[in-house]
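Working notes for the structure below.
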Number of protein chains: 2
Amino acid sequence: MELTTAEENYLKAIYHLSEEGKKSVSTNDIAAAIQTKPASVSDMLRKLGEKEVIQYRKYYGLQITELGKRLALQTIRKHRLWEVFLVDKLHFAWDEVHEVAEQLEHIQSPLLIERLDAYLNYPKFDPHGDPIPDEYGDVRSRPRIALNEMNIDQGGQIVAVKDSSAAFLRYLDKVGAYIGARIKVLDKVEFDGSVEILVDQKKTLFMSKDVASNILVLQS
Amino acid sequence: MELTTAEENYLKAIYHLSEEGKKSVSTNDIAAAIQTKPASVSDMLRKLGEKEVIQYRKYYGLQITELGKRLALQTIRKHRLWEVFLVDKLHFAWDEVHEVAEQLEHIQSPLLIERLDAYLNYPKFDPHGDPIPDEYGDVRSRPRIALNEMNIDQGGQIVAVKDSSAAFLRYLDKVGAYIGARIKVLDKVEFDGSVEILVDQKKTLFMSKDVASNILVLQS
DNA sequence: ATTAAAAACTAGGCTAAACTAAATAATGGT
DNA sequence: ACCATTATTTAGTTTAGCCTAGTTTTTAAT
Ligand SMILES: [Mn+2]
Ligand SMILES: [Mn+2]
Ligand SMILES: [Mn+2]
Ligand SMILES: [Mn+2]
């Protein structure tokens, strides 16, 4: 089954929204996610329903099918492998890769992805800490907790970010938070939910709840 | 100025046809080159004329403009750099790269190409021996002669192939002709134009005029 | 239970890129 | 100079993907 670039982008968005725990994915959510109008989404949902990558009932929700999940994960796999390539090999900064990967993920060539994967040494995570599905769509996910939900004195390692926007990533670069950093929660402010953490046993950092909620930690 | 993928493909075909010495490029030639119908070509020529990448007069020929040449060379540059990447880094065979490069050449990211070029060590030629234009569209071309036009006892080095089809390239692999090989013309058959050559001072090869005409040699 | 607001969908229109069939222009041979 | 052939363009459709405006359905509040 063949998906167009637009269909792949929609399906990927639907998959991500589905994974976010929500009961069902709304037309408006999708429109917001891919910067399009709800009317266009309705159109596309009908088409995706016909292709059986989602199960769609007008006015009620939609559900991604097993087929849809598999295809979405293939696109996500490609996206993340390309991100690794851009950072590891071409020395892109982690905040520069998203738009390019958004294009590269649609290149059609199974051989290309197979070889790229090997060339990158079968990476398990992308530059933002997100897991790279294998060729069958299996994802090895680690138990992660948002930094703002940790308690004082708890420690761990930063393993991913929830927000991959350039603005957020550059902020993290600036303050010296990076994936792999060992951290410990020194203090939490009840009032606004902001936290103080110790990074690599050297440096202390204050961050707002908003920032902390976008940092994912593997507890130790 | 922004070109769509289709426009880039047309312009590239027009550029290549223009370079082939022909006085002017015909609608039918373009249609044949990109596997489409003449009616579709007429449509596109009007659009390309409006964008001033070609100069177009209905029923008479067309001529690529300086702007058009520059844009075409940019696409060609990307195509050939990606081919080098696929062969040098991902170990594609030289007959496997064309279709994938045909897609990759349309990825929009100046930074990506700049970095890719550096990563590949600023290659001057692609896997088929074709020169890679620099970022300003300048091409350093070598004087090349088709193998079938060489005389007995003349020698040189295979530097490129005219036909990059998988069938032709695999045939060359099979008989042991490759880019960089040192050759000498041992014999030419008047009747059918076929030639006998010595490869790397070791091996003799017979080939038809058709094959020889698609092999380009740097004479020494 | 009604009704106002929000969400979602339909209708109709636009553009890009392709096609087939029909019309028109250029050309080459007598 | 004419005519037949060939090349090219135009006209009219189609499909994908998007949009705005208007309609319908759901939902949430009274
Ligand atoms: Mn994309
Ligand atoms: Mn990522
Ligand atoms: Mn192409
Ligand atoms: Mn090539």
Side-chain angles (χ1 to χ4, degrees), chain A residues 1-14 17-18 20 22-64 68 71-72 75 102-103 105-108, chain B residues 1-14 17-18 20 22-64 68 71-72 75 102-103 105-108:
Chain A
M1 225 252 311
E2 296 283 293
L3 296 183
T4 65
T5 290
E7 286 168 344
E8 284 183 348
N9 285 334
Y10 272 95
L11 193 57
K12 200 157 58 90
I14 290 167
L17 291 168
S18 299
E20 277 176 17
K22 309 291 173 60
K23 49 248 141 212
S24 96
V25 179
S26 81
T27 300
N28 277 343
D29 286 349
I30 299 170
I34 65 182
Q35 319 239 70
T36 185
K37 303 290 165 181
S40 308
V41 176
S42 287
D43 246 12
M44 186 56 95
L45 292 184
R46 194 184 33 73
K47 279 191 269 185
L48 293 178
E50 281 166 12
K51 292 204 172 185
E52 303 193 353
V53 295
I54 62 172
Q55 209 187 313
Y56 175 53
R57 278 175 41 244
K58 293 198 309 197
Y59 289 108
Y60 292 82
L62 64 90
Q63 226 189 326
I64 191 162
L71 293 174
T75 306
E102 204 56 50
Q103 296 178 60
E105 70 189 358
H106 304 291
I107 302 289
Q108 304 284 1
Chain B
M1 227 254 309
E2 296 283 291
L3 297 183
T4 66
T5 290
E7 287 168 343
E8 285 183 348
N9 284 334
Y10 272 95
L11 193 56
K12 200 157 57 90
I14 290 168
L17 290 168
S18 300
E20 277 175 16
K22 309 291 173 60
K23 49 248 141 213
S24 95
V25 179
S26 82
T27 300
N28 276 342
D29 286 348
I30 298 170
I34 65 182
Q35 320 241 69
T36 183
K37 303 292 167 179
S40 308
V41 176
S42 286
D43 246 11
M44 185 56 96
L45 292 184
R46 194 184 34 71
K47 280 191 269 185
L48 293 178
E50 281 165 14
K51 293 205 171 184
E52 304 194 351
V53 294
I54 61 172
Q55 210 187 313
Y56 175 52
R57 279 173 43 242
K58 293 197 310 199
Y59 288 110
Y60 291 83
L62 65 91
Q63 226 188 325
I64 192 163
L71 294 174
T75 306
E102 203 56 51
Q103 297 178 61
E105 70 187 359
H106 304 291
I107 303 288
Q108 304 284 1

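Naming: A, B, ... by sequence-line order, numbering from 1 per chain. Here the structure is a predicted model, which means the values were calculated and not measured. In what follows, every heavy atom counts, from backbone to side chain, and hydrogens, waters and symmetry copies are set aside.
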Check: When the nearest nucleotide of DNA chain D is assigned to A:Thr5 and to B:Ser40 on a heavy-atom basis, which residue is associated with the more 5' position?
Finding: B:Ser40
Notebook entry, point to check: Does B:Val41 or A:Ile34 map to a spot on DNA chain D nearer the 5' end, using the closest nucleotide for each?
Noted result: B:Val41
Of all the choices, [options], which nucleotide is nearest to the side chain of [X] once you look at every atom?
X: B:Asp43; options: D:dT9, C:dA18, D:dC19; answer: C:dA18
X: A:Tyr56; options: C:dA18, C:dC9, D:dT9; answer: C:dC9
X: A:Met44; options: D:dG17, D:dT8, C:dA8; answer: D:dG17
X: B:Thr4; options: D:dT9, C:dA16, C:dA8; answer: C:dA16
X: A:Tyr59; options: D:dG17, D:dT8, C:dC9; answer: C:dC9
X: B:Ala39; options: C:dT20, C:dC19, D:dC19; answer: C:dT20
X: B:Tyr10; options: D:dT26, C:dA17, C:dA18; answer: C:dA18
X: A:Asn28; options: C:dA8, D:dA16, C:dC19; answer: C:dA8

Shortest non-hydrogen contact between [X] and [Y], atoms and distance:
X: A:Ile34; Y: A:Ala13; value: CG2-CB, 3.6 Å
X: A:Gln108; Y: A:Leu3; value: NE2-O, 4.0 Å
X: B:His106; Y: A:Gln103; value: O-OE1, 4.3 Å

Notebook entry, point to check: If you look at every strand shown and take non-hydrogen atoms under 4.0 Å, does B:Pro38 touch a base, only sugar-phosphate, or nothing?
Noted result: base
Margin query: Does A:Ala6 reach a base, just sugar-phosphate, or nothing at all? Heavy atoms under 4.0 Å.
Written below: sugar-phosphate
Output side-chain donor-acceptor pairs under 3.5 Å for residues 36-45 of chain A, partner residues at least two apart or in another chain, one line each.
none

Item checked: A:Glu2 CD to D:dA16 P, straight-line distance once rounded to whole Å -> 14 Å
Next item on the list: Take atom CD of A:Glu7 and atom C1' of D:dA16, then tell me their distance rounded to the nearest Å.
Entry: 9 Å
Next item on the list: With axes from five pairs an end, tell me the bend angle of the helix from C:dA1-D:dT30 to C:dT30-D:dA1, nearest 10°.
Entry: 10°
Listed pairs under 3.5 Å, donor-acceptor, residues 53-60 of chain B side chains, sequence neighbours left out:
none

Note to self: Between the side chains of B:Arg46 and B:Glu50, is the shortest nitrogen-to-carboxylate-oxygen separation below 4.0 Å, so that they form an ion pair?
What the structure shows: yes
Notebook entry, point to check: Is there a donor-acceptor contact under 3.5 Å from the side chain of B:Lys51 to the main chain of B:Gly68?
Noted result: no
